[in-house]
Amino acid sequence: MRKEYLPFALQDTGPEEIEAVTACLNSGWITTGKECKKFEEKFSEFLGEDVHSIAINSATMGMQIALEGLGITKGDEIITTPYTFSATAMVGVHLGAKPVFVDICPQTLNIDVDKIEAAITPKTKAILPVHIAGHPCDMDKILSIASKHKLKVVEDAAHAFPTTYKNKLIGTLDSDATVFSFYATKTMTTGEGGMIVTKNKELVEYAKLMRLHGISRDVFDRYTTKGAKWYYEITAPGYKCNLTDLAASIGLCQLKKAQNFQKKRKEIAEKYLEAFKDLPVDLPHHDENMHSWHLFILRLREDSPIERDLFIETMEKNYNIGCSVHFIPLHLHPYWRDLLQLKKEDFPEAYKNYLRAISLPIYTKMTDQDVEDVIFAVRDILKR
Ligand SMILES: *Cc1c(COP(=O)(O)O)cnc(C)c1O
């Protein structure tokens, strides 16, 4: 057994990030300022299309502001899947809208596009697809359904940096907005943080206004040129969810490494795919699109000698390796179950796949030996 515990996830930060944060601390300006602006510019540059990026303190707040800015309000319905993290659907609740779940496609764990239209009602205003694990949803289909029914599309791209769909990076498609997460365990991190990406200039202005108290920059700029640096006007019921320059300075370093991070995770994924192909498991789906490999989700088949919970416990106790589960479908959580009056069987694919899903460690800080240890443990358990 490994001497040292292998955690399920670990951020990849080093001397560059420490230097950048130190420089920011020494600069005398640690909250939203120059570093954030630069981070936004570099992020748009990375995506390489005509997009605008608005830094935010989390993907959760990014999705909420994007939906609100696109006009989603009380009484509206938003279509998403139950196979995601709760934030995807909770942002709708805070806007007074109702999340409507559509089951997943068992092959990809993404929303089953063939079931979306049946869930559309006169109240439906938006679709919120989630690129689970970093594999893109069928965006052509989603965008064409949205355009046919005049719905907004906001992509939950918390897992999808960088992911491509038909050779285009997620973030550059024709959705109304795409939101990325820089939470500690994501493919790049700022500790906490997120980015709203959109081609819609009005949404850019709205998000900038709402992320910082509803303070109007235009007025601010107008008065500062006259020298009155203290003047501002509150023009909207804004939130407080700006990103700090400290976080942005980390983000700028991470962004430079993002391509390499993806390459490294892909290498680990390829080793896993090769090593597990004779085991009684379903391997994660991947195709010609670039997969961010944020998660590597194995699913135990019926002929597996062990069930999921015991598998994870064994990995932990006998092999000193941390695993996780993505996701506990939302309709199993008491809040969602009671609010929307849902039963386990309502989304059978989400439920069945959750019961057999295991997320293995996959991150750039893993050494070759760490990867070998995971492979050994998984094979050892499943070959019995
Ligand atoms: C992590 C995550 C979020 C939330 O991101 P935050 O930046 O922590 O708000 C949303 N959706 C999915 C699918 C996630 O995994």
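For this chain, numbers begin at 1 and follow the sequence in order. Atoms within each ligand, like the ligands themselves, are counted from 1 in listed order. No hydrogens, no waters, no symmetry mates; every other heavy atom, side chains included, goes into these values.
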Should the proximity of [X] to ligand 1, defined as any heavy atom under 4.0 Å, be assigned to the side chain, the backbone, both, or neither?
X	value
Thr88	side chain
Val130	side chain
Met61	neither
Ala158	side chain

Of the protein's non-hydrogen atoms, which lies at the shortest distance from [atom], and what is that distance?
atom	result
atom 10 (C) of ligand 1	Asp156 OD2, 3.6 Å
atom 7 (O) of ligand 1	Ser181 OG, 2.7 Å
atom 8 (O) of ligand 1	Tyr183 CB, 3.8 Å
atom 4 (C) of ligand 1	Thr60 OG1, 3.6 Å

Using the ring of Tyr354 (Phe, Tyr or Trp, six-membered ring only), decide whether Arg308 places NZ or CZ under 6.0 Å from its centre and within 45 degrees of its axis.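 Yes, cation above the ring, under 6.0 Å and within 45°.
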Examine ligand 1 and decide if any of its atoms is less than 4.0 Å from a heavy atom belonging to Gly193.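 Under 4.0 Å: yes for Gly193.
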Does a side-chain N-to-carboxylate-O contact under 4.0 Å join Lys257 and Glu17?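 Answer for the salt bridge query: yes.
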Any salt bridge linking Glu205 with Lys201? Criterion: basic side-chain nitrogen under 4.0 Å from a carboxylate oxygen.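 Salt bridge: no.
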Counting only heavy atoms not in Asp50 (residues, nucleotides, ligands), do more than 12 fall under 6.0 Å from its CG?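 No, the 6.0 Å shell around CG holds no more than 12 heavy atoms from other groups.
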Test your reading of the structure: does Lys186 have an N or O sitting under 3.5 Å from an N or O of ligand 1?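 Yes; the residue has a nitrogen or oxygen that sits under 3.5 Å from a nitrogen or oxygen of the ligand.
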Please could you name the atoms of ligand 1 that Ala59 approaches to less than 4.0 Å, counting only its heavy atoms?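 This gives 5 (O), 6 (P), 7 (O), 9 (O) as the contact atoms.
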For Thr84, counting its heavy atoms only, list the atoms of ligand 1 lying under 4.0 Å from any of them.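 It comes down to these atoms of ligand 1: 13 (C).
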Check Glu155, His159, His294 against His131 for a side chain to side chain donor-acceptor pair (under 3.5 Å) and give me the one that passes.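 Answer to the side chain to side chain donor-acceptor pair (under 3.5 Å) test with His131 among Glu155, His159, His294: Glu155.
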Donor-acceptor contact below 3.5 Å, side chain Lys271 vs main chain Lys266: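 Judged by distance alone, no pair lies under 3.5 Å.
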Could you check Phe43 against Phe180 for ring-ring contact (aromatic ring centres under 6.0 Å, His included), going step by step and ending with a plain yes or no? CA-CA 11 Å; Phe43 201 80; Phe180 296 93; 5.4 Å; yes
Is it the case that Thr88 and Thr80 place a side-chain donor and acceptor less than 3.5 Å from each other?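 Short answer, no.
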